[in-house]
Amino acid sequence: MINFNVKNKDHMLLIGFIIVVALAPIIMAPIGGGYPDLLQKFAIFGIFAIGFNILFGLTGYLSFGHAAFLGVGSYTAVWTFKLLTMNVIPALILSILFAGVFALLIGFIVLRRSGIYFSILTLAFAQMSYNLAYSVLTPITNGETGLQLRLHDARVLDGLFGVTRGEGLPSTSLFGMSMSGWSGYYFCGVIMIIAFYISIRIFRSPFGMMLRAVKSNQNRMSYTGLNTRPYTLAAFVISGMYAGLAGGLMAITDPLAGAERMQWTASGEVVLMTILGGTGTLLGPVIGAGVIKYFENIFSSFNDGILMEAFSWLPEFLQHAMVSVIGLFVGEGWHLTLGALFMVIVIFLPGGLIEGISRIGNVIRRWRKPKPLPTTEADTAASE
Amino acid sequence: MSILSVKNVNKQFGGLKALNEVNLEIEAGTVHAIIGPNGAGKSTLLNCFVGRLDPDTGSVDFDGVSLLGMKPHEINQVGVSRVFQTPEIFGDLTLVENVMIPSFASRDGAFRLNGWGQVADENDVRENAMELLEDVGLVEQCDTVSNQLSRGDKRRLELAMCLVQKPKLLLLDEPTAGMARADTNNTIDLLKKIAKRGLTMVIIEHDMHVVFSLAEKISVLAQGTVIAEGLPNEIKGHPKVQEAYLGGAHL
């Protein structure tokens, strides 16, 4: 019975997810987020966070260097655009592959340690990659300028299939469909849905169960006949591939790859997204990614002028007071709001926004049914 | 026929000789207790069976295979399961998941990348796990998160996790340590039930009540050496053993 319920719930979740992705332009319009560039960012960082959550949420290994895989994905995609074709499919496949191989190499070394030492090692590797991209690897990364498309790039496959060269720089496309504007968003959206579905499968698979066992008790695991290393390494590589995919998608939106994508702040961002949304939950990381990108893009655009207008109904001295106080938290100061929100959530909702949503859901349910049914363990376990 | 054969095992930690020429034969299908005062080397010996420690010299053979140099998961895969002094379970997972994991480990080996198949479709594994939970009397709590169990119930769960793997040898490190009397008696009854099915068990224990209700054979370890070995009745009256236990009034 319980199995059946879990399966049904997952199907409902997936269907709901698809509907939200499809209707996002309409849903986000009233709060000023209904434009393709922002929604595309939601989707890309959503994918990044979903993948990160497979490692951090399931095994508990906190990586502080996942932006390195994002960077590898971006560079690979831009190189594919330069050398092979402007079609996005080869670029994405190669981004995932390269990031996967890179993750395998790094994971093989850093997974010798766990806990804080693992985190520090991943951070060190990512910073190393970042600095290499700026220095010795300049022939590949084009250093500070960043890797860009040129008019005279080879684009062998495009040449073979007789794609005509235009006057200006070509743009990325999916078999002729341009990857900008709404088609760009829906392309990323579809990929995110696939990524989300794969993550559901992994969560509910025997492999996912083993990853949760890694988080719970590695000692018992090895005395149970299970080799923990390949399990953690597989999770590390899978999440690295998700990051590579996200990096590739970034390059599709804007065919330019820079080393700053690999910086530790970018690695830290995905950690924040996952924790903010709800570590180890299916939907949490996507919500976290959405909230952070929304703050970054919308809150940061509020300036004093907009605030003055918003409080124009107040008497003048109050209006000025309000604007000067709230002005600290928006515009340039959006990080302050995000930081405060993050603290509130970590302290009061350790399960992230998802926990908040389920608590509200419980309150509503109790309020609708005067006599509450005691929630059984099975319910709690299934909703995780 | 002996299933576990320990020959001339020595282990030294710095200046301390923890095990000194230990010889031990565990007969298949028996319950063998290893007793001895604190610091006698009981746990060191057990750790040499499961791959946590390697002896300096000597040999440990299980069912004709040398266990030396093998990793804990490899030793488990050849048929040795272990129960810890403090129950080691997957505390964040439900009871049924706790038992399903060892079941997967026996079926799929030390590693299998099965990320697409669904746990919900693994009816055999689940039913098997439920049977074992029934066996140890925890079936009603199958969907509880295992951290919430009492010490005694955690021990029962850990036993179910070991038994689901159908081990050839079960090692128990002080299975009733820190338990209330009622829990201890329940655990003894459960272990008796398991022993009746012919499973070979090695028990390390302080509590003589537990030892004499279960063991068919007893080895006494003191200062890293086996000082006596025999049937429970022989051990009870053994002068060396009484001396080792400082008067041994409770024997």
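In what follows, every heavy atom counts, from backbone to side chain, and hydrogens, waters and symmetry copies are set aside. Given the structure is predicted, the values throughout are model-derived calculations rather than measurements. Letters A, B, ... mirror the listed sequences (proteins, then strands); counts begin at 1.
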Does atom [atom1] ([X]) have a neighbourhood of more than 12 heavy atoms from anything else shown, all under 6.0 Å?
X	atom1	value
B:K193	NZ	yes
B:R107	CZ	yes
B:F13	CZ	yes

Between the CD atom in B:E88 and the CD atom in A:Q218, the distance rounded to the nearest 0.5 Å is 11.5 Å
Nearest non-hydrogen partners of [X] and [Y], listed with the distance:
X	Y	result
B:F104	A:M209	CE1-SD, 3.9 Å
B:F90	A:N217	CE2-O, 3.3 Å
B:G109	A:L226	O-CD2, 3.9 Å

Heavy-atom proximity to chain B below 4.5 Å, by part of A:A234: side chain
Could you look at A:M210 and say if it's the side chain, the backbone, both or neither that has a heavy atom under 4.5 Å from chain B? side chain
Please enumerate all residues that pass salt bridge (Lys or Arg N to Asp or Glu O under 4.0 Å) together with B:K11, with sequence neighbours excluded. B:D56
Taking side chain as everything from C-beta outward and backbone as N, CA, C, O, which of these in B:V164 sits under 4.5 Å from a heavy atom of chain A? Side chain, backbone, both or neither. neither
Contacting moiety of B:I75, where chain A heavy atoms sit under 4.5 Å: neither
[X] side chain near [Y] side chain, heavy-atom distance below 4.5 Å:
X	Y	result
A:R212	B:D92	no
B:F84	A:R220	yes
A:R204	B:V119	no
A:P206	B:E122	yes
A:Y223	B:R52	yes

Between B:Q118 (side chain only) and A:R201 (backbone N and O only), is there a donor and an acceptor less than 3.5 Å apart? yes
With a 3.5 Å distance limit and no angle check, can you tell me whether A:S205 reaches the backbone of B:W116 through a side-chain donor-acceptor pair? no
With sequence neighbours excluded, tell me which residues meet side chain to side chain donor-acceptor pair (under 3.5 Å) with B:N47. B:R82
Look at B:M100, B:Q141, B:E74, B:E158 and state which one has the largest set of heavy-atom pairs under 4.5 Å with chain A. B:E158
